[in-house]
Amino acid sequence: MTTPFPVDPAELQIYAPNLPGPSVGRRIGAVLLLLVMSAVLVFGTGFRALGSFVTASSLSHQVIVITTTEPTSTTLADALLTDLRPHLAPSDLAAFDAEKPSLVAAILATAKEPATQALLTTDIDRLFALLKDGKAGTVDTTPVIDRFAASLHAADPRIPASPSTLVNNTVITVSARNRGLPLGGSLSTTGWALTALGVLGAFLTARFLVRRRTWQLLAFGLCVGGPGLFAVAVGFNLHNSAVHLSSITHALPRALVTQILHAGAAAYEFAGLVLVAIAVPGDALWWGLLKWRGRDASPVTAR
């Protein structure tokens, strides 16, 4: 059965070229879903960066690297001596300033001793466990401070061999919490789950809601690689921007926190590069499969 007035689709497009159709909603849906997937990848990148950095082993390793690697270790030693200087008698300041290079060398030597590093690792593990479990407790850093105070006293007897000359309070107190902090593995697992969801969602959206093959590749690459480049840019900016730590008045903790922030920025950059490493080979593989399928489906010339 035929219609009495057949309509040519081409003619309909001529008379009503701007009528909304399924393609308009399809495009809007694709854009919205791609934006959502990008946001999911941004959060996943942040969780992965924190998860890889905020672990007991990672934190203790970072502290040991910071305190033993130049030029950061010398910066921390100078900061420690800056905090120590007000505790000395005015008559000893001139001699103290003259012997500063030998005092810095004593601090660096103590930081590299295995016994010092073992104490640092124990204290960090203890602090990490309290924060992760939400329990109240204390971390006594006196043994570590004792070692540095003893080395400075050996280098210059005018410096008292007492931890109070280096740090006003050597005991860190942690208050109890209703819930522990999601540190380490929990953050990493959440980050990788969000990353997998975002990459899969970006692929499915580009594959089934974007028509042209070129736009499919572009949509997937931007959706996955864009958040990665954003994370790299944020990490780079943290490295090169002035870190305002005005609330930390002492030079030693301010220098230590600054270096830890730089290490965290490096972890964030690496997490972003992972997304870029997924987007570029992913697009290349997709393009290769499309070319292979196109060649395989090409008609065979009859002989």
Side-chain angles (χ1 to χ4, degrees), residues 53 58-127 138-174 236-267:
F53 180 71
S58 177
L59 285 178
S60 59
H61 172 73
Q62 289 293 340
V63 170
I64 291 173
V65 169
I66 287 171
T67 55
T68 58
T69 305
E70 294 291 354
T72 307
S73 56
T74 300
T75 301
L76 291 175
D78 286 336
L80 177 61
L81 295 176
T82 300
D83 289 339
L84 174 62
R85 199 173 188 275
H87 294 273
L88 301 177
S91 57
D92 295 333
L93 293 180
F96 176 82
D97 293 336
E99 295 178 2
K100 190 173 184 180
S102 62
L103 297 176
V104 169
I107 294 174
L108 297 182
T110 303
K112 294 178 181 179
E113 293 176 357
T116 304
Q117 296 180 5
L119 290 173
L120 283 171
T121 301
T122 300
D123 291 343
I124 293 172
D125 290 349
R126 165 72 174 165
L127 178 62
T138 58
V139 179
D140 189 2
T141 64
T142 304
V144 177
I145 304 301
D146 273 339
R147 294 188 63 84
F148 286 101
S151 66
L152 289 175
H153 180 71
D156 186 350
R158 284 181 292 253
I159 299 177
S162 171
S164 62
T165 60
L166 302 179
V167 179
N168 293 330
N169 184 13
T170 60
V171 179
I172 301 174
T173 302
V174 178
F236 182 79
N237 188 54
L238 287 175
H239 277 302
N240 294 276
S241 299
V243 181
H244 300 287
L245 297 172
S246 57
S247 60
I248 303 179
T249 56
H250 294 284
L252 176 61
R254 183 170 62 248
L256 184 60
V257 171
T258 300
Q259 295 303 320
I260 291 177
L261 287 178
H262 284 311

note = A106 and A155 have their tightest heavy-atom pair at CB-CB, 4.2 Å
task = Check the side chains of R147 and T110 for a donor-acceptor pair under 3.5 angstrom, ignoring hydrogens and angles.
result = no
Give, for atom [atom1] of [X] and atom [atom2] of [Y], the distance between the pair rounded to the nearest 0.5 Å.
X    : Y    : atom1 : atom2 : value
T141 : I124 : OG1   : CD1   : 11.0 Å
L84  : L88  : CG    : CG    : 5.0 Å
L108 : T74  : CG    : OG1   : 5.0 Å
R85  : D92  : CZ    : CG    : 11.0 Å

request  = Could you note down all residue pairs passing salt bridge (Lys or Arg N to Asp or Glu O under 4.0 Å) where residues 150-161 supplies at least one of them, sequence neighbours left out?
outcome  = E99-R158, D156-R158
Looking at residues at least two apart in the chain, or sitting in another chain, which of them share a side-chain contact (heavy atoms from CB on, under 4.5 Å) with [X]?
X    : answer
R126 : L130, V139
A94  : none
K112 : T68
I107 : A77, L80, L81, F148, L152

key: Residues which pass salt bridge (charged side-chain N to carboxylate O under 4.0 Å, His left out) with D140, listed by chain and number, not counting sequence neighbours   = none
